[in-house]
Asks: 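Mind looking over this structure? Questions follow.
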Amino acid sequence: RQMLPRVFLSQPLQNGVSRYTCQLKRITLKFCKFRPNSLGAREFIENGDFLEFARANPQVACYLKPRRNRPPVLQAEFANGSVQLARIDSFPAEFVRRWFWLMRGRSGDDLLPLHENLRSFHPSVQGVWTPFTFGRSVGLGDLSDSRHRPMSPSATELIQQLHRLQSARMS
């Protein structure tokens, strides 16, 4: 079993600071005119959903490519040079439409597991916040009652007793 490389969460630099730049540059719907598993892709085109997507996204080049006796495929090309394929075998037209809009919103990076959920260039020394972070602390002053004291002497008390014994012998 091959392990996938882990990555940090990233996005194209400055994308959306002054204006949003769609990362999808070209989308191609490859389908067969006769095979039943291309029915959803053909309905997507015939219902006008393909034209609606093309009109709503003029920055994306939209292509239709009929192929004989081949399964339907959605091919998306992104600004970073990556090409991603989605097999849409026997999908209804609604699912094909969802795939088009999903590809439009993607950055083109491969889907890989994240290295960490949170990444910081300046990690905090305070630790992670919890609901008890700024709560009332329990110190020794609160436990001054004798029933909370340990029965055996602590290590500090033993050392103090030994010191007193040695001091008494020396004098």
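Only this structure's heavy atoms are used, side chains among them; waters, hydrogens and symmetry mates stay out.
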Asks: Under a 3.5 Å threshold, yes or no: a donor from one side chain and an acceptor from the other, between Gln23 and Arg104?
Replies: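 On atom types as modelled, these side chains do not qualify, holding no pair under 3.5 Å.
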Asks: Would you say that Arg42 contacts Ile45 through its side chain, given a criterion of any heavy-atom pair below 4.5 Å between the two side chains?
Replies: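 A side-chain contact under 4.5 Å is absent here.
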Asks: For the backbone of Ser154 and the side chain of Glu157, can you confirm whether one donor and one acceptor N or O come within less than 3.5 Å of each other?
Replies: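 Yes; judged by distance alone, with no hydrogens or angles, the pair exists.
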Asks: What's the spacing between Lys25 NZ and Ser82 OG if we round to 0.5 Å?
Replies: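 The NZ atom of Lys25 sits 12.0 Å away from the OG atom of Ser82.
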Asks: Can you name the nearest heavy-atom pair linking Gln84 to Gly108, along with the distance?
Replies: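 Gln84 and Gly108 have their closest heavy atoms at NE2-O, 3.2 Å.
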Asks: When you group the ILVMFWY residues by side-chain heavy-atom contacts below 4.5 Å and let the links chain together, are Val96 and Leu64 in the same group?
Replies: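 Same hydrophobic cluster.
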Asks: Asn57 versus Trp101: any side-chain heavy-atom pair under 4.5 Å?
Replies: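 Touching, per the 4.5 Å side-chain cut-off.
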Asks: Would you say the side chain of Val73 lies within less than 4.5 Å of the side chain of Phe31, judging by non-hydrogen atoms?
Replies: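 Of all side-chain heavy-atom pairs linking Val73 with Phe31, none is under 4.5 Å.
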Asks: Quick one: does Asn69's side chain get under 4.5 Å of Phe34's, heavy atoms only?
Replies: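 No - every pair of side-chain heavy atoms lies 4.5 Å or more apart.
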Asks: Verify the neighbour count for atom CZ of Arg67: are there more than 12 heavy atoms of other residues, nucleotides or ligands below 6.0 Å?
Replies: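 Yes - once you tally the heavy atoms of other residues, nucleotides and ligands closer than 6.0 Å, there are more than 12.
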Asks: Return the minimal non-hydrogen interatomic distance between Ala76 and Leu24, and the atom names on each side.
Replies: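 That would be CB-CD1, 3.7 Å.
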Asks: Given the rule that I, L, V, M, F, W and Y join up when any side-chain heavy atoms are under 4.5 Å apart, are Leu102 and Leu85 in one cluster?
Replies: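 No, it is not one cluster - the side chains of Leu102 and Leu85 are not joined through contacts under 4.5 Å.
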Asks: Of the non-hydrogen atoms in Arg106 and Phe78, which two are nearest, and what is the gap between them?
Replies: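 That closest heavy-atom pairing would be O-CE2, 3.7 Å.
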Asks: Is any side-chain heavy atom of Phe53 closer than 4.5 Å to one of Ile27?
Replies: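 The answer is yes; the side chains approach within 4.5 Å.
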Asks: Please examine the side chains of Cys22 and Val60, heavy atoms only from C-beta on, and report whether any two atoms are closer than 4.5 Å.
Replies: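 Touching, per the 4.5 Å side-chain cut-off.
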Asks: Minimum heavy-atom separation for Asp89 and Pro71, please, with both atom names.
Replies: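 Answer, listing the atom of Asp89 first, then Pro71: OD1-CB, 3.2 Å.
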Asks: Salt bridge check, Glu94 against Arg98: does any charged N sit closer than 4.0 Å to a carboxylate O?
Replies: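 Salt bridge flag = yes for Glu94 with Arg98.
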Asks: Mind checking the CD-OG1 spacing from Gln59 to Thr21? Nearest 0.5 Å is all I need.
Replies: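 Gln59 CD to Thr21 OG1: 9.0 Å, rounded to 0.5 Å.
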Asks: Indicate the atoms forming the closest heavy-atom contact of Arg70 with Ser38, along with that distance.
Replies: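 Where Arg70 meets Ser38 most closely, the heavy atoms are O-OG, 4.2 Å.
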Asks: Give the intermediate values and the outcome of side chain to side chain contact (heavy atoms under 4.5 Å, CB included) for residues Leu74 and Phe100.
Replies: CA-CA 8 Å; Leu74 182 65; Phe100 263 76; 3.4 Å; yes
Asks: Kindly give the heavy-atom pair with the smallest separation between Ala41 and Ile88, and that separation in Å.
Replies: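 Of all heavy-atom pairs spanning Ala41 and Ile88, the closest is CB-CD1, 4.4 Å.
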Asks: Ring centroids only, cut at 6.0 angstrom: are Phe44 and Phe91 within range, meaning strictly under it?
Replies: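 Distance test on ring centres: not under 6.0 Å, no.
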Asks: Side chain to side chain contact (heavy atoms under 4.5 Å, CB included) for Gln75 and Val83? Distances and angles first, verdict last.
Replies: CA-CA 7 Å; Gln75 179 179 346; Val83 177; 3.6 Å; yes
